[in-house]
Structure formats: structure tokens, C-alpha cells
Participant: 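Pasting a structure here, questions to come.
All values below come from the heavy atoms of this structure, side chains included, with hydrogens, waters and symmetry mates left out. For clarity, every value in this text was computed on a predicted model and none was experimentally measured.
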Amino acid sequence: MMFRIESRDPSTSARAGILYTAHGDIPTPVFMPVGTAGTVKGILHRDLKNEINAHIILGNTYHLYLRPGTDIIKEAGGLHRFMSWDMPVLTDSGGYQVFSLAENRKLTEEGAIFRSHIDGSKHTFTAENVIDIQRIIGADIIMAFDECAPHPCDHAYAIKSMELTHRWLDRCVKHFGVTSPLYGYDQMLFPIVQGSVYGDLRRASAEKIASMEMPGNAIGGLSVGEPAEVMYEMIEAVNEILPVDRPRYLMGVGTPANILEGIARGIDMFDCVMPTRNGRNGMLFTSEGTVNIRNRKWKDDFSPIDATGFSEVSRTYSKAYLHHLIISGEMLGAQIASIHNLAFYLSLVTEARERIKEGNFGKWKDETVRKLSERA
RNA sequence: GGGGAGAUACCAAAGCGGCCAACUGGGGCAGACUGUAAAUCUGUUGUCGAAUGACUUCGUAGGUUCGAAUCCUGCUCUCCCCA
């Protein structure tokens, strides 16, 4: 058993559980900081563990394959050892780059041919070699290769894209079955539901994904520009079908409110670049709503970034100081903002977990979402 | 003392008769960012107005011209070279 549900919220579909991996147990709901290139940008592992309380971080197949390359990672003994991170890692397959780097790639039945954004060289990613690369990286949880379809996307294209993703999935699962982990511990493969904003396709895709009977399942292709309400509808449709007793991972989501709404609909795992990227760009997430710390009004506000914040930096440094650092382009500003935001995200899902266990998640969620959508 | 160059908006810097309320950077102000090509990108930045628009600007005082940041004269100031 890789996943155990500890309790369910009576008024929503939220649940609290534990996901067991080779590098540690992960309490869910969980937020996973994104560390695309083998680093959560600007954050030391020490801070990820002690300040942020991260349980698992992401890496990216496409980016790590291009740099430093699989030979280096293999020689290092896998990504965990290479980056000196002894806790769980999940790698995205490169399916998101099919979307975000769409100008630099061509799709074929075989896979995606990318023109490297670094040096222009050509690289083919297939269902099979994406598994091979993720075996070399050695993440605890690896993702099937998919096409993250853009938004808007017409129904005809959405079907075509979903079916391609399903065929790639069959090949991924097959190849996963005939290959072995390289470093002496087990890896889990998660398949990904697609289907754009179409309920019929989402349900069909969820049926397909459920039929693979993998230890966990993911929902992809959301938060790519569609309204949040549409995203919530898709999650509801899909989660009626995905097995209840396995973890559900909503990929790339999202805002604090998105996450709480996702939890309420039965999602267990989230990841998003928002806390780090937006933090670097001067946007803070707080219990009082979002803050653009670059704004003039914080210039002489010497109160802490977040007096009740989980991380030490949130309680120690003032808004005025962070305003100064960010305005001045100082690296410490990006670092403090990233740590604060990640700590906020982690404490938010930790509190959600406690509320689920107490059985009063639903009401708390509604109140919290209202506050989060404000602007401080 | 002699010779030369120049003064443009918060700063730097284009413009050298009408297409100039004035290119472009920086700074300022605001916005965006959702499985990271992002310590990035976008908008805005004389005054008033929601806007068509109106009004006041290119050291300063005059002049030439239908029309001047652009041409002429005086003045003030700055910088460079020689003695």
C-alpha cells in the first residue's frame, strides 16, 4: 500500500492521508515546491526542510536531460545524490514543455522533437526514453509523457491530443514494466488525465487513466488559461472516476484559493511555480491576501512580512526592508520572498490537513478562500 | 589672457524649420506571472480631462518666419584645450 487515507472531511471530498515513498512519507494534502533544474530557485535545502517544511520537490525531465545531462546524473548516482537532497522527488516528464515550448517542438506519433532552447540542437522525447531518463534521474514518482494541450483548444483537437496522450501512456506503462530502477529503490509511475475543458473527454480520459491501475493519478492540462470555475468542474468530473484510494495530483496548480478548492474536490498533491516565481517578482502570498511588495505603500512599513508566518524570515524581516531589496534587485530579496511564499503554501496545506482531521475543513475553506482573494 | 564645445522632461541622451508634448535607456508609478526558456515581461510617466481635446514646455531675453527645441542676436551658466 503506497497511500493510506487517514480521515475524510464530512462536508467535502477532502481527505488527509500519507503517501509512502522510498525517500520518506508524505502527509497529504501536500504542496510540492518546483525545482525544475535540480534546484528550487534560490533556496537552500536547509531552508526547504527547516523553514518551509517541504516534504517533496519536483524536477524536470526535459531540463535535466539538456543540462547537466543524463551522463552526469548517472555518474552522480541519481538526482538525489547529485543535488544532495535525501527526501522525495517527483519529476515531470516534459509534457509541460510540449505546451510551454510549443514554438520549439514538433509533435509526431513517436513523440516530441524539441529544438533545444539552449543551443538549438534537436532532441526527440518518446514515451520510452522519457521513462529511461526518469529512471536515470531516479525520482520517487515519475510522470507519463503527455501532451499538455493549450487553451483555448477546440473539441476536435482535444480528442486528438487526448488519444495521443493515451497511446503514449500505454507505451510508458509497458516500458516502465520492462525496465528497472537503477539505484536500489522503487519508483512510482503516475499517468495523466487530459481532455482540455470538455467534460466528456475528461471523463473518458479518467476512465483510461483509472484502468491503468497505477499507484497514483494525475490531472494535467489545467490552469493553462481557462477560468477557475471551468477547472473546478473538470476536477469534479475526473475525481468521480479516478480511484478514491489512490493519491490524486493536480499538476501545476495554483493559487492558494485554487489549492483549497482542489483539496475540497479530492485532490491530494499540488505543485506550482507561483510561490517562487511570483515571489522573485515581488508578489507575496499572505493570510490577508496578496501583496505587491514593490508598491510604494510598503516603503516605510516596518512591520514583519507576516507576523504569524511559519518561516523565520516572514517574522524577522520587515515589509520595508523586503520592499527595498526587491526594488534594488538584490538576490536576498528574491530569496526571502521565495521562502516566505513557500512556507505560506506549505503551512496552508498543513492547516487544511488539520482541519480535515478535525472534520471542519469545509467551513474553514470557504472563509479562507474569501480572505485569500483579497489584496492587501 | 587666447581658442573651442555645449545648455532638451527626475537623470542620461536623440532630435537640428512643420510628421515634436518631443526617439531611446535609466529611474519613478502600476500590472501580469499557475506540471519555470522568467531575479522575467507589459503598460504608464508635462498639466487638466473618462475621452475627442485644451493648455504650458527644450538655459534666458529678444528677433526672423505662415510656423522655431531646431535659424539669428544679446545675456547667464557649464565643460575642454592652449598660455
Participant: Separation of A:Phe285 atom CZ from B:rA32 atom C1', in whole Å?
Facilitator: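 In whole Å, B:rA32 C1' and A:Phe285 CZ are 12 Å from each other.
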Participant: Say whether, by atom type as modelled, one donor and one acceptor occur between the side chain of A:Lys319 and the main chain of A:Pro304 under 3.5 angstrom.
Facilitator: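 Side chain of A:Lys319 to backbone of A:Pro304, a donor-acceptor pair under 3.5 Å: yes, one is there.
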Participant: Considering only atom P, compute the distance from B:rU76 to B:rU65 and round it to an integer number of Å.
Facilitator: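 28 Å, rounded to whole Å.
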Participant: Measuring only the P atom in each nucleotide, how far is B:rU70 from B:rU78? A whole number of Å is fine.
Facilitator: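 The same atom, P, in both gives a distance of 23 Å.
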Participant: Can you tell me how far C1' in B:rC20 sits from the matching atom in B:rC29, rounded to whole Å?
Facilitator: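 After rounding to an integer number of Å, I get 25 Å for this pair.
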Participant: If only side-chain N and O atoms of A:Gln335 are considered, is one of them under 4.0 Å from the OP1 or OP2 phosphate oxygen of B:rA39?
Facilitator: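 No, A:Gln335 has no side-chain N/O under 4.0 Å of OP1/OP2 on B:rA39.
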Participant: Is any NZ, NE, NH1 or NH2 atom of the basic residue among A:Arg203 and A:Glu207 found under 4.0 Å from an Asp or Glu carboxylate oxygen of the other?
Facilitator: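 The answer is no: the pair does not qualify as a salt bridge.
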Participant: On a whole-Å scale, what distance lies between the P atoms belonging to B:rA68 and B:rG4?
Facilitator: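 The answer is 30 Å between these two P atoms.
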Participant: In whole Å, I'd like the distance from the CD1 atom of A:Ile293 to the P atom of B:rC33.
Facilitator: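 Whole-Å distance recorded here is 18 Å.
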Participant: Within less than 4.0 Å of OP1 or OP2 of B:rA37, is there a side-chain N or O belonging to A:Asn104?
Facilitator: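 So the side-chain polar atoms of A:Asn104 never come under 4.0 Å of the phosphate oxygens OP1 or OP2 of B:rA37.
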Participant: Taking atom types as they are modelled, is there a donor-acceptor pair under 3.5 Å from the base of B:rG35 to the side chain of A:Asn60?
Facilitator: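 A donor-acceptor contact between them is absent.
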Participant: Using a cut-off of less than 4.0 Å, is there contact between a side-chain N or O of A:Arg277 and OP1 or OP2 of B:rC33?
Facilitator: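 No, because none of the side-chain N or O atoms of A:Arg277 sits under 4.0 Å from OP1 or OP2 of B:rC33.
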Participant: Using the C1' atom in both, what is the distance from B:rG18 to B:rA69, to the nearest Å?
Facilitator: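 Their C1' atoms lie roughly 13 Å apart.
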Participant: Does any N or O donor sit under 3.5 Å from an N or O acceptor when you compare the side chain of A:Arg294 with the base of B:rG28?
Facilitator: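 Result: no qualifying N/O pair found.
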Participant: Over how many whole Å does the gap from A:Glu330 atom CD to B:rA39 atom C1' extend?
Facilitator: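 Those two atoms, CD and C1', are 11 Å apart.
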Participant: Using the C1' atoms only, state how far B:rC66 lies from B:rC58, rounded to an integer number of Å.
Facilitator: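 Taking atom C1' in both B:rC58 and B:rC66, they lie 22 Å apart.
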Participant: If we take the P atom in both B:rU60 and B:rC11, what is their distance in whole Å?
Facilitator: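 It works out to 14 Å between them.
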Participant: What distance, rounded to whole Å, do you find between the two C1' atoms, one in B:rC33 and one in B:rA38?
Facilitator: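 So the two C1' atoms sit 9 Å from each other.
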